[in-house]
Amino acid sequence: DEQVRIRQFTFCSPVLIIYLYLVKNVIALFFILISQVLTAQNYQCFNSNRSYYYLSLDSWQNRVESILFDSIAVYGTDTVFFNYAQLPNSDGEFDLCVNDTTWVGNKIVINSIWTILFNSSADSIKIKSNGNIGEYWKLYQYDNGNYINATVDTIQEETVLGILTNTKVISLLAMDSTGNSISNIFNGKKFKLSETIGLTQLYRINDFPNDTSTVKLIGETNPNLGFQEFNAKEIFTYEIGDEFHYKFVSTDIDGGCVEY
């Protein structure tokens with residue numbers, strides 16, 4: 001009986017090894033797929049775990065702008081992303097305002113359908129993240145009833161920050177209160193929304209709809225892609241054994257100069 005049991009074990013062990021190998025790899029594949037699903041953005045405009053860097057073009061002379069989220073709150077089906085405040089640049093001088101808004105507004109409201117941004121007057125700018133080709137909606141409404149209509153023109157492949165991604169191209173057209181198209185500085189302007197990266201092209205939300213300066217994504221974190229903010233550690237790359245040489249110059253009131 002002992003001999004039979006040993007033979008059975010010897011015969012079954014290769015099968016057992018193959019079985020365990022397959023199970024291990026299936027489990028690993030499962031977690032990889034789950035990880036990809038969790039990290040996929042699915043046309044969400046912003047991700048709370050990321051910081052974004054944009055380049056302001058046109059009248060803003062290639063100024064780098066950032067989006068950094070300070071905190072998050074959940075109200076029912078809405079998630080509110082609160083942005084860090086900033087010191088706005090007005091006429092070449094800084095206005096020191098403690099609780100001022102950023103170029104993209106002081107908060108962003110996101111749910112399964114809408115991403116809602118707010119300008120400096122607290123008027124809403126709505127992007128339908130899950131909009132399909134040909135679908136349209138009121139992106140912005142004026143006090144007189146006129147509005148700016150947004151339409152998903154197409155979904156096309158684009159390389160953004162070195163990543164090939166599907167991108168929704170959303171075009172704008174102004175309409176009067178009766179639904180007739182009217183002249184407007186935003187006619188023909190476009191937002192771009194990537195499936196995995198977020199908003200790759202937009203406008204200065206705080207100044208919307210008065211400023212048509214284009215703002216384009218140039219970098220983001222988690223993972224780090226494109227432009228990245230540098231820190232002191234990256235600037236001062238000191239190592240053990242480095243020597244520091246200092247020169248001091250002192251000048252007295254008689255014009256004498258001493259160097260040491």
| Residues I133, I155; criterion side chain to side chain contact (heavy atoms under 4.5 Å, CB included); working and verdict | CA-CA 7 Å; I133 294 177; I155 299 176; 3.9 Å; yes
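- In the hydrophobic clustering of this structure, V80 groups with I110; members are Ile, Leu, Val, Met, Phe, Trp, Tyr whose side-chain heavy atoms approach within less than 4.5 Å, directly or through other members.
- Contact annotation: the side chain of Y147 never approaches that of N184 to less than 4.5 Å [non-hydrogen atoms, C-beta and beyond].
- The CD1 atom of I148 sits 3.5 Å away from atom OH of Y142, with the distance rounded to the nearest 0.5 Å.
- Looking only at atom types and distance, the side chain of T196 has a donor-acceptor partner in the side chain of T165 under 3.5 Å away.
- Side-chain contact between W114 and K128: present, with at least one pair of heavy atoms (C-beta onward) separated by less than 4.5 Å.
- With rounding to the nearest 0.5 angstrom, the CG atom of D211 is 10.5 Å from the CD1 atom of I205.
- To the nearest 0.5 Å, atom OG of residue S129 and atom CG of residue N111 are 8.0 Å apart.
- The number of heavy atoms from other shown groups lying within 6.0 Å of CG (D242) is above 12.
- Between G105 and N206, the closest heavy-atom pair is CA-OD1, 4.3 Å.
- Two different hydrophobic clusters hold L164 and Y43 under the rule that ILVMFWY side chains link at heavy-atom gaps under 4.5 Å.
- To the nearest 0.5 Å, atom CG of residue L68 and atom OG1 of residue T102 are 9.0 Å apart.
- Looking only at side-chain heavy atoms (C-beta outward), W103 and L202 come within less than 4.5 Å of each other.
- Of the N and O atoms on the side chains of T200 and S194, not one donor lies less than 3.5 Å from an acceptor on the other residue.
- Under the 4.5 Å side-chain heavy-atom criterion for Ile, Leu, Val, Met, Phe, Trp and Tyr, F191 and M175 are members of distinct hydrophobic clusters.
- Closest approach of C45 to T115, counting heavy atoms only: SG-OG1, 3.4 Å.
- The closest side-chain heavy-atom distance from D153 to K190 is below 4.5 Å.
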| task | I would like to know whether E157 and N166 meet side chain to side chain contact (heavy atoms under 4.5 Å, CB included); could you show each step before the answer? | result | CA-CA 5 Å; E157 282 191 340; N166 292 324; 3.5 Å; yes
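- Atoms OG1 and CD1, from T212 and I185 in turn, are 5.5 Å apart once rounded to the nearest 0.5 Å.
- Counting all heavy atoms, side chain and backbone alike, E220 lies closest to Y52 at OE1-CE2, 3.2 Å.
- A heavy-atom distance below 4.5 Å is found between the side chains of T221 and R50.
- Shown here for N130 and S112, the closest heavy-atom pair between the two residues is ND2-O, 3.9 Å.
- When side chains are defined from C-beta on, F208 does not count as touching D123, because their heavy atoms never get closer than 4.5 Å.
- Two residues are said to be in side-chain contact when any heavy atoms from C-beta on lie closer than 4.5 Å; V109 and F118 meet this criterion.
- The shortest heavy-atom contact between L199 and L193 is N-CD1, 3.8 Å.
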| task | Could you check F46 against F81 for ring-ring contact (aromatic ring centres under 6.0 Å, His included), going step by step and ending with a plain yes or no? | result | CA-CA 9 Å; F46 302 103; F81 296 1; 7.6 Å; no
| message | Between W137 and I113, does the side chain to side chain contact (heavy atoms under 4.5 Å, CB included) criterion hold? Intermediate values first, please. | response | CA-CA 12 Å; W137 64 90; I113 300 175; over 6 Å; no
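- Following chains of ILVMFWY side-chain contacts shorter than 4.5 Å, one cannot reach L139 starting from L173, and the two form parts of different hydrophobic clusters.
- Proximity of Y54 to V104: side-chain heavy atoms (C-beta onward) are nowhere separated by under 4.5 Å.
- F82 and A73 get closest at one heavy-atom pair: CE1-CB, 3.9 Å.
- A continuous path of Ile, Leu, Val, Met, Phe, Trp and Tyr side chains, each step under 4.5 Å between heavy atoms, connects L117 with I72, placing both in one hydrophobic cluster.
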| said: Go through it in stages, so that I can follow the logic: the residues are N106 and N83, the test is side chain to side chain contact (heavy atoms under 4.5 Å, CB included), and I'd like the CA-CA distance, side-chain angles, deciding distance and then a yes or no. | reply: CA-CA 5 Å; N106 62 356; N83 301 323; 5.6 Å; no
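- No more than 12 heavy atoms of other residues, nucleotides or ligands lie within 6.0 Å of OH in Y136, so this atom counts as exposed by the packing criterion.
- Ring orientation note: the planes of Y203 and F186 are nearly perpendicular, at an angle over 60° on the 30°/60° scale.
- Between the CD1 atom in I108 and the CD1 atom in I67 there is a gap of 5.5 Å [rounded to 0.5 Å].
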